[in-house]
Amino acid sequence: MNAGALPDGDIATRLASVLAAIEEAARRHGRRPGDVGLVAVSKRHPAGAIRAAHAAGQRRFGENYLQEALAKQDELGDLDLEWHFIGAIQSNKTADIAAHFDWVHTIDREKIARRLNEQRPDDRAPLNVLVEVNISGEASKHGIAPAALPALLETIAALPRLRLRGLMSLPAPVDDFAAQRRAFAALAELASASAVPLDTLSMGTSDDFEAAIAEGATLVRIGTAVFGPRPD
Ligand SMILES: *Cc1c(COP(=O)(O)O)cnc(C)c1O
């Protein structure tokens with residue numbers, strides 16, 4: 001997995017330019033820069049890349065694959081990191097996710113929520129969770145349909161070991177800025193229509209974070225722009 005990894009200095013430089021671009025996008029669209037956080041998506045990059053980003057000031061990291069994430073967490077146990085699980089969740093993986101992450105972005109059904117709630121260790125704060133919404137219809141197989149969202153939010157809000165924070169989406173990629181904004185606006189509207197209070201919108205990747213920030217993202221999930229292309 002080390003093949004193709006960037007030198008530490010390059011990661012620091014890329015991180016600084018991503019943070020500057022986030023800040024600039026926030027200002028351009030009337031947002032407070034401090035209200036948009038970066039989740040550095042480190043999937044398929046080695047633990048050393050995370051260590052380099054941490055040395056450059058980054059604390060939040062997003063991982064998609066459980067076994068890979070656990071191995072890196074082991075290697076990086078000396079660092080104070082905030083771990084975000086952003087991958088698809090199989091129900092046989094919930095115990096490890098509940099025990100080893102600070103945030104989960106990708107809850108899309110009640111069964112997963114209930115398992116994470118039961119399995120969150122008592123000595124840890126409630127798990128911060130987001131519900132993944134499918135705002136691209138047939139173009140995406142991940143996320144709950146908007147019509148089913150209110151009931152899932154009500155269920156999660158009642159689970160004591162989960163702290164419901166908001167919504168997440170990974171819309172189908174489109175090039176056009178206005179079309180990118182429309183997808184993110186749809187997620188933002190679902191959040192503001194929610195009967196249960198939500199404070200987090202996780203949306204935007206390397207390719208579309210400006211549009212996400214324009215529409216209210218409070219967390220952007222950026223991998224390639226920070227760490228370079230992912231090794232295969
Ligand atoms: C990989 C991934 C990202 C980051 O994508 P980049 O294009 O590398 O910035 C963001 N969100 C999710 C859910 C991902 O799986």
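All ligand and atom numbering here is 1-based and tracks the order in the structure.
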Just to verify, what does W83 make a ring-ring contact (aromatic ring centres under 6.0 Å, His included) with, not counting sequence neighbours?
none
Can a salt bridge be assigned to the pair E75 and R51 using a cut-off of 4.0 Å between side-chain N and carboxylate O?
no
Could I get the full list of salt bridge (charged side-chain N to carboxylate O under 4.0 Å, His left out) partners for E63, not counting sequence neighbours?
K72
Nearest 0.5 Å, what's the CD-CG distance between E215 and L187?
10.5 Å
Return each pair, listed once, that meets side chain to side chain donor-acceptor pair (under 3.5 Å) where at least one residue sits in residues 92-102; pairs must be two or more places apart or across chains.
Q90-K93, T94-R115, T94-Q119, D102-R124
Contact residues of ligand 1, where a non-hydrogen atom lies under 4.0 Å away
V41, K43, N64, I86, M168, L170, T205, S206, R221, I222, G223, T224, R230
Check this for me, if you would: do E118 and R114 make a salt bridge, where the nitrogen-to-carboxylate-oxygen distance has to be below 4.0 angstrom?
no
